[in-house]
Engineer: 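Pasting in a structure now, in structure tokens, and then I'll have a few things to ask.
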Amino acid sequence: MSEIAEKVKAIIIDKLGVEASEVTPEASFTNDLGADSLDTVELIMEFEKEFNVSIPDDQAENIGTVGQAISYLEEHAK
Amino acid sequence: MTSIRRVVVTGLGAITPLGNTAPAYWEGLRTGTSGAATITRFAPAKFKTRFACEVKGYQPDDFFDRKEGRKMDLFTQFGVVASDEAIADSGLLESGVNKDRVGVIWGSGIGGLKSLQEECFQFERGDGTPRYSPFFIPRMIADSASGNISIKNGFRGPNFVTTSACASSNDSIIAAFNNIRLGLADVMITGGSEAAITESGVGGFNALKAMSERNDDPASASRPYDKDRDGFVLGEGAGALVLEEYEHAKARGAKMYAELIGGGMSSDAYHITAPDPTGSGVVLVMQNALRDAGISAAEVDYINTHGTSTPLGDGAEIKAIEQVFGEHAEKLNISSTKSMTGHLLGGAGGVEAVACLLAMQHGMVPPTINLHTPDPEINQALNFTPNTAQARDVRVAMSNTFGFGGHNTSVIFRKL
């Protein structure tokens, strides 16, 4: 697993209070990991902070699963 | 007010600098223990006051799952923890109560000060990009305490927070009392909480010259009615009560600690922080409470005073007690439990109401500790319950709290 994927997983585990085993690439933040809309906003903000990127709202809307977050950040992280 | 609907107390909860449950709190009160020690919540080296009465051994993970706990400021966590204890004590949930008829009115003078402070620090330290947490506002706003208590339990009745500085939770108790008396609810969860032992809380109160600076001996710093008192000691925590309409409580066979028989409110209309030295607003509030309760001053056994250990406030309240109670004043037990807990600000009325109810239950008045050199300016013929608890059958107890802004509040409980 890439360094970015490791960090993304760690953030999700910390912010959503879930077990590492639940954080699979297909896991949806809202449907599988118990996040509500505010939790999702907070996750996006943590990704921005950790990877020093700015994620526009229209793109943030497309980040709904662990795998989508990892691919977006692998592409955009500085 | 003559009301057909009587209101009784059916549950108690507390998380305090003396203990993290109501029984542990009582043990600290009964034994005259100080909750003061050097501040651990931040590095206080540069502050004029470097001690406070902190809640000890509290781990959020013992009460909340990590995700939920992070969404609540400490003052809200304290509120939920104390309310949970009071609700469990009352047996309310097991009784199949109609939750549409259960409300929550909570008191907090400040709200989520730590959350406000942290988010503002973080922005100031950054490059100007706003990175406020989506949980910042819900953590900070004072009503998040009553909101969270209702969400956790599904209580759908009246719900709000009262803010009147250090009178906040007596105001919440009175508002809850009135909601039941008026028939707007059958059960109310009430009380209050505060968690202001932060850099901005301590720095702010130091700037007002309101807090003790007795850094060399924190345990003796809160000394109401003592000649050498030099200000209040900041405390934190929560006190919770379940108030219930008498017939409702009786029908489900609930344990009843006492009846809440009166609540009084008044305003000094004098100064934003200083108490009126004549105590006229305090006279008025105790008269209002006695009138609401429909009892005479001579029926009161115990007054848990506001008594914060400030040079001005303590004397003014005692003068007012002498005026309202006349000759009976010397027959009262008076104590300031703030000598032990410190001053919980908006949470004070909650934990002090709990102290009154436990005093009634145990037939024991908790002391005013650190009263070693009586202030000659204060009538020492009164019984301040100095230093050790005194056995007394407390049939009627009054609890006073006053707040910056000139808010005065007084509540009266009577044994059933």
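Chain letters run A, B, ... following the sequence lines, proteins first, then strands; residues in each count from 1.
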Engineer: In Å, rounded to the nearest 0.5 Å, how long is the span from CG of A:L38 to NZ of B:K71?
Structural biologist: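 It is 7.0 Å, given to the nearest 0.5 Å.
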Engineer: State whether the number of non-hydrogen atoms from other residues, nucleotides or ligands found under 6.0 Å of A:E19 atom CD is greater than 12.
Structural biologist: no
Engineer: If you round to the nearest 0.5 Å, how far is OG1 of B:T129 from NZ of A:K49?
Structural biologist: 11.5 Å
Engineer: Determine whether more than 12 heavy atoms belonging to other residues, nucleotides or ligands lie under 6.0 Å from atom CZ of B:R156.
Structural biologist: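 Open: at most 12 neighbouring heavy atoms sit under 6.0 Å from CZ of B:R156.
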Engineer: Would you mind checking which part of B:R131 comes under 4.5 Å of any heavy atom in chain A, side chain (CB onward), backbone (N, CA, C, O), both or neither?
Structural biologist: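 Its backbone and side chain both get close to chain A.
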Engineer: How about A:D57: does its CG atom have over 12 heavy atoms from other parts shown lying under 6.0 Å from it?
Structural biologist: no
Engineer: For A:E42, is there an ion pair with B:K67 - N to carboxylate O distance below 4.0 angstrom?
Structural biologist: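 So B:K67 does not pair with A:E42 through a salt bridge.
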Engineer: Could you please state which residues from residues 2-17 of chain A sit under 4.5 angstrom from chain B, measuring non-hydrogen atom to non-hydrogen atom, sorted by number, or 'none'?
Structural biologist: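 Within residues 2-17 of chain A, the residues that come under 4.5 Å of chain B (heavy atoms only) are A:I13, A:D14, A:K15, A:L16, A:G17.
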Engineer: My understanding is that only residues two or more places apart in sequence, or in another chain, count here; which of them pass side chain to side chain contact (heavy atoms under 4.5 Å, CB included) with B:T38?
Structural biologist: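 Expected list: none.
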